Amino acid sequence: MLAFAAQASFGPSLKVARISLVLFFVVAGVLHFISPQAYQAIIPAWLPWPRALVYVSGAAEIAGGLGVLWPATRRLAGAGLIALLLAVFPANVDAALHGMTVGGQVVAPWILWARLPLQALFIYWVYLVAWKARPSP
């Protein structure tokens, strides 16, 4: 999918990358409200109000995902999504270092470590959709 967005003549592949990004972030954001305990598990113990942080980050994912749809809000939404991805990165590192349990099940360490480079791919994906590609909407 990212390879499609990186093509020189974006065309329909940019729309696929954009819609995929919107769906990814909106669905992830909605899941923050449907199953907050799963997301709360990754929040380091030293951060206050973990449930509130889950809801705020979920709302930010929904707003950022939807904001990417319109040219007028695309760059601002992209900046917000990148800021969010950077903000949650320390929590992902903390989970990789100390482990994580969701619903009584220990998350495999390799999954937690594999998430770290994925953050960079997500940031690049947002960058391609919100800034790099500038064809008509």
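This one's a predicted model, so the numbers in the text were calculated from it and none came from an experiment. This chain uses plain numbering: 1 for the first residue, then up along the sequence.
- Placement of V56 and L76 in two distinct hydrophobic clusters is found when ILVMFWY residues are connected by side-chain heavy-atom separations under 4.5 Å, directly or transitively.
- Here the side chains of L85 and F25 are in contact, with some heavy-atom distance below 4.5 Å.
- At a threshold of 4.5 Å between side-chain heavy atoms, the hydrophobic network of Ile, Leu, Val, Met, Phe, Trp and Tyr places Y127 and L81 in one connected group.
- Nearest approach of V102 to V107, heavy atoms of both residues: CG2-CG2, 3.9 Å.
- Atom CD of residue Q40 and atom OH of residue Y55 lie 8.0 Å apart, to the nearest 0.5 angstrom.
- Rounding to the nearest 0.5 Å gives a distance of 12.0 Å between CZ of R115 and CH2 of W110.
- Applying the side chain to side chain donor-acceptor pair (under 3.5 Å) test to S35 and every residue at least two apart in sequence or in another chain returns Q37.
- The minimum heavy-atom distance linking L69 with R74 is given by the pair O-NH2, 2.9 Å.
- Criterion: ILVMFWY side-chain heavy atoms under 4.5 Å apart, direct or through other members. Under it, I43 and V106 are not part of a common hydrophobic cluster.
- Taken to the nearest 0.5 Å, the CG atom of L14 stands 9.5 Å off from the CD1 atom of I19.
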Problem - Pair L112-N92, side chain to side chain contact (heavy atoms under 4.5 Å, CB included): steps then yes or no - result: CA-CA 7 Å; L112 299 173; N92 291 333; over 6 Å; no

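- Contact record, M100 with A41: CG-O, 3.7 Å, taken as the closest heavy-atom pair.
- Aromatic ring pairs are classed by plane angle as parallel below 30°, tilted from 30° to 60° and perpendicular above 60°; the pair F24 and F122 is tilted.
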Exercise for the section: Decide yes or no on side chain to side chain contact (heavy atoms under 4.5 Å, CB included) for Y124 and V129, but give the supporting numbers first. Expected result: CA-CA 9 Å; Y124 184 63; V129 167; over 6 Å; no

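- Looking at every heavy atom in both residues, A77 comes nearest to G64 through CB-O, 3.4 Å.
- Closest of all the heavy-atom pairs between V93 and L116 is N-CD2, 3.7 Å.
- Side-chain atoms of W125 never come within 3.5 Å of backbone atoms of R18 as a donor-acceptor pair (strictly under, hydrogens ignored).
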Exercise for the section: Mind running side chain to side chain contact (heavy atoms under 4.5 Å, CB included) on W113 and L97 for me, showing each step along the way? Expected result: CA-CA 8 Å; W113 285 101; L97 291 173; 3.7 Å; yes

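- One hydrophobic cluster, built from ILVMFWY side chains closer than 4.5 Å, cannot hold both L84 and W131; they sit in different ones.
- Counting heavy atoms from C-beta outward, D94 and P90 have side chains that stay 4.5 Å or more apart.
- Across every non-hydrogen atom of V88 and Q119, the tightest pair is CG2-NE2, 3.6 Å.
- There is a path of hydrophobic side-chain contacts, each under 4.5 Å, that joins V68 to I82.
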Practice task
Dump the intermediate steps for side chain to side chain contact (heavy atoms under 4.5 Å, CB included) on Y39 and L31, then the final yes or no.
Solution key: CA-CA 9 Å; Y39 292 91; L31 288 173; 3.4 Å; yes

